[in-house]
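All ligand and atom numbering here is 1-based and tracks the order in the structure. Since the structure is predicted, the reported quantities are computational estimates derived from the model, not experimental observations.
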Amino acid sequence: MSKDQKAPEEKQPDLISEAKEVLAKNNRDDKYTVPADGLYPHQWLWDSAFISIGMSHYDTYRAQKEILSILRGQWANGMIPNNVLSAGIAYRQDREIWRSYVSPYAPDNVATSGITQPPMLAEAVVRIGKKLSKTERRTWYGRVYQALVNYHQWLYNERDPHHEGLTLQIHPWETGMDNTPSWMYEMHQHLLPFWVRIAKATKLDKLFTYIRRDVRYSAPEHRMTNVDVMALYSVQRRLRRKQYDIQRLLNHSLFAIEDLAFNSIFIRANHHLRQIAKTIGEDLPEDLIANMRLTEKALEQLWDAYSGQYYCRNFATHKLIKVPTIATLLPLYAGCISKERAGQLVSLLKTSRQFNPKYPVPSTPIHSEFFDEFRYWQGPTWVNMNWLIIDGLRQYKEDELADKLTDKTLELVKNHGFYEYFSPLSGEPAGVNDFSWTAALTIDLLNNQKSAK
Ligand code: 9WN
């Protein structure tokens, strides 16, 4: 090793302080953290959960504030929106896109989106709780308990209308993986609005580039295609027209998928919510407990024996959408699958043509026809996905593999910075730099690495 090169352990304090700087830079009003300056100027639900997990290592008070800030946006029916939109004239257009005020359930004093995102909150609450004293932890849990119960109840009441145990999602944004192939496949097969089809056929979709915010901050080849973005906005408009009312949406043709990643995360969140209730001596509603059990069982319905993978399911037709994505690995994080199934997923994770290129884990398997090295959720490696998989591997005592994946993930950040995502083939960074959850989860991964040593 040359003189200038530092041993990894010497480098770590630097990396941690650099990560903290990113979070400080993206801090707004000492209340919440934007995912990235410029490109993402609002508060996002699952981003804030990941962010607070990182913050809990050095500022539990600020981490709690992050969660309380997103809860300002909770609707009266229990829904927690994926966005609490920033105030100020500069963001008027974003607030107009959503118009949360069209729903009677939306809060009066804060503008939000009208959809949710993967329920990572209970995980964040527990991770923060672990850093507190017993008394502080009980106070903290007591503060957020009812909000979490209302949210989980809402997910069952509104998003599992047939009591199947699996919740449905109504927009790809709800999965947090906007252009993930399973959803894009369904959309292109059945749901592309006619005006988007015309734009696609006439190549007029190119014009859309001029009004997109994201391509001002990142290369167009690293983002969604214009056609996909137009289609997603059209779905969003339909939700708004129906005032985000699930009954009205269910009565009409509905783009609804029982998303594998969302439901896997929900199962883990249910587990955490049970722990939170136990710690503060609360009894969860019995119907909620019954629903939680049902979800764990129902996950197995998403397993396809032929290909040996889990998939998303179309809500209306009940057909599995057999388009493989990284979501197939998330039942590891759910923690409720058998050892046998976990073993099958671990083998998948070790297969180079699928999920084990030089810089794993690709958001879409390498051999997939959808694979595109840099295109958002259709190929790149994301730190939050790796974090979820690492956690899942540890739950199944696959520590060696978890350590390896941790090292690989940190290598990407050490070599390139806190980017939004990376090429799984070369490690080349993509998207925007100084991305909050990359920074926050780096802090968490480094701390776990240290405590394991
Ligand atoms: C739409 C903020 C969010 C993440 C999502 C990611 C992306 C938004 C967008 O950015 O989604 O919600 O503008 O494309 O896909 O996971 O939460 O970082």
Polar proximity ligand 1 side, [X] side, N/O cut 3.5 Å exclusive:
X	answer
Trp173	no
Gln117	yes
Asp178	yes
Glu420	no

Atom OH of Tyr233: over 12 foreign heavy atoms under 6.0 Å: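 Open: at most 12 neighbouring heavy atoms sit under 6.0 Å from OH of Tyr233.
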Short list, please: which atoms of ligand 1 are under 4.0 Å from a heavy atom of [X]?
X	value
Gly176	5 (C), 6 (C), 15 (O), 16 (O)
Trp46	4 (C), 5 (C), 16 (O), 17 (O)
Phe435	18 (O)
Asn82	12 (O)

With under 30° as parallel and over 60° as perpendicular, where do the rings of Phe435 and Trp382 fit, or are they tilted in between?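 The arrangement is perpendicular - the two ring planes meet at more than 60°.
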Do the ring planes of Trp44 and His42 sit parallel (below 30°), tilted (30 to 60°) or perpendicular (above 60°)?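 Judged by the thresholds at 30° and 60°, the geometry between Trp44 and His42 is tilted.
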Ligand 1 contact on Met224 by region, counting heavy-atom pairs under 4.0 Å: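 Met224 to ligand 1: no contact under 4.0 Å from either part.
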To the closest 0.5 Å, what do you measure between CZ (Phe255) and CZ (Arg238)?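 Result: 8.5 Å between the selected atoms.
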In the protein, which heavy atom is nearest to atom 3 (C) of ligand 1, and how far is it?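 Checking every protein heavy atom, the shortest distance to atom 3 (C) of ligand 1 gives Trp44 NE1, 3.6 Å.
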